[in-house]
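Taking it in order: structure first as structure tokens, then the write-up.
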Amino acid sequence: MPRFVFVLALVFCVAGVPMQSQDHKITAPEDYLFVWTGDASNQGKDFLAVLDADPSSAAYGHLVTTLVTDQQTVRAHDTEYTMPASGMLFANDHDAGRTFIFDLRNPLYPKTVTSFADMGGYMHPHSYLRLPNGHVLATFQHAHRGEGDGQSGATGGLVEIDDQGKVVRSASNADPAFADALLMPYSLVVLPDVDRIVLTNSSMHSEDIFRGVTYQVWRLSDLKLLKTAYLDVGENRYAQISPEEPRLAPDGSVLIQTLGCGLERITGVDTNEPRSKLVYTFPGNWCGVPTIVGHYLVQSVPSMHGLIVVDIANAAKPVEVSRLKIGDTCSPHWTGWGAKTQRLVVTYSLGSTDRLYLLKLDQATGALTFDGAFRDEDGKTGFSFADREWPQGWKGTGAPHGAVFSR
């Protein structure tokens with residue numbers, strides 16, 4: 001009898017192992033949101049916050065874990081716009097001139113692969129785009145001017161980097177025909193089908209933030225600069241100023257968002273004479289990172305404290321279809337799309353709000369709505385970065401910037 005009881009207990013124990021494993025798979029989040037975050041007071045360290053972004057999870061909207069770096073916050077800034085297939089995510093503290101590469105293949109245990117500063121003779125990287133070969137092509141705002149001279153140039157360059165942080169190739173964006181123009185690379189779009197890159201020039205320095213008025217067309221295969229050109233000037237005379245984020249439109253043209261809240265449409269990038277045309281102007285200024293989903297472009301618009309959606313099925317004539325106000329004081333900046341979860345993330349300029357929100361986009365009408373199910377542990381919609389105890393043992397208010405969904 002004792003032997004029978006022992007065997008029976010052993011059977012139940014063994015049978016229970018796969019059941020527990022299955023339960024873990026059912027309850028563990030399948031989707032995550034990685035939010036690159038600094039200390040709002042610039043006293044603590046930059047860190048990556050991992051949030052539960054699985055709409056079917058009971059903890060949807062809660063903090064899962066964090067990965068802290070050794071970098072004291074100066075300005076935690078851009079990440080890649082979408083999660084790469086490799087799971088290695090680039091993120092920078094722009095003013096510190098330092099980039100981190102994170103291994104996010106296991107979201108519960110994120111790791112730092114490496115970090116780097118100056119690369120290939122250039123400094124202060126801003127944006128990162130993946131190439132067909134899986135490498136990153138990064139915009140660097142300045143050519144390196146030498147140790148200790150305290151100078152940064154009015155030109156910069158492009159650098160191709162692998163996932164281990166090694167330089168593959170680099171090229172200067174200096175153009176003798178535009179010797180007096182500000183040529184500080186800001187962001188880019190890669191067009192492998194036509195062997196082209198479109199790059200914007202805009203400064204991260206407040207003293208010359210309004211001087212950028214050009215874009216550049218490059219050949220992707222050999223990083224040869226083919227053309228530097230001025231953006232089209234619209235009726236209000238400022239919507240072309242400070243071109244920032246270029247995006248590929250459904251018709252193959254390139255739409256460039258500007259800090260002056262314009263949309264410049266670039267055509268003919270595969271010809272000797274590309275052309276820029278200001279096709280739309282959003283209200284106000286200081287517009288931030290746009291996201292294209294299908295034939296809709298979602299634009300953060302600080303002057304109306306929210307976002308505006310325009311239909312770009314005809315990219316030459318965008319048409320507003322909806323807008324969503326977030327709050328009376330918030331200044332939205334970063335937006336990013338989760339193709340798997342069908343959600344849009346939006347983060348804000350420092351000090352304008354302490355919460356991150358997920359939004360739903362109706363892809364039939366272009367209407368934006370809050371995802372009310374995405375709630376922090378306080379029960380309120382959105383995730384709060386304000387004055388909380390973080391897993392890394394730090395208490396304070398986080399300043400989020402780049403945010404990327406898992407694949």
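Along the sequence shown, residues are numbered consecutively beginning with 1.
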- [ ] Keeping to residues at least two apart or across chains, list the side chain to side chain donor-acceptor pair (under 3.5 Å) pairs with something in residues 300-313.
- [x] His295-Asp311

Would you check if the distance from the ring center of [X] to the ring center of [Y] is below 6.0 Å?
| X | Y | answer |
| --- | --- | --- |
| His333 | Tyr348 | no |
| Trp36 | Phe90 | no |
| Tyr81 | Trp334 | yes |
| Tyr357 | Phe370 | yes |

Which residues pass the salt bridge (charged side-chain N to carboxylate O under 4.0 Å, His left out) test with [X], sequence neighbours left out?
| X | value |
| --- | --- |
| Lys317 | none |
| Asp371 | Arg343 |
| Arg130 | Glu80, Asp163 |

Open item on the list: I'd like to know whether Lys325 forms a salt bridge (Lys or Arg N to Asp or Glu O under 4.0 Å) with Asp328, so could you lay out the CA-CA distance, the side-chain angles of the two residues, the decisive distance to 0.1 Å, and finally the verdict.
Closed with: CA-CA 8 Å; Lys325 183 178 180 179; Asp328 292 333; 2.9 Å; yes

Could you work out, with ring pair (Phe, Tyr, Trp, His ring centres under 6.0 Å) as the rule, every residue matching [X], not counting sequence neighbours?
| X | value |
| --- | --- |
| Phe140 | none |
| Tyr122 | none |
| Phe178 | Tyr230 |

TODO: May I have all residue pairs that pass salt bridge (Lys or Arg N to Asp or Glu O under 4.0 Å) and include part of residues 391-404, sequence neighbours excluded?
DONE: none

Open item on the list: Distance alone, cut at 3.5 Å: any donor-acceptor contact between the side chains of Gln216 and Asn173?
Closed with: yes

Can you list everything that forms a side chain to side chain contact (heavy atoms under 4.5 Å, CB included) with [X]? Sequence neighbours excluded, please.
| X | answer |
| --- | --- |
| Arg105 | Met88, Asp103 |
| Gln299 | Gln257, Phe282, Cys287, Pro290, Leu297, Val301 |
| Ala174 | Thr155, Ser172 |
| Lys166 | Asp162, Gln164 |

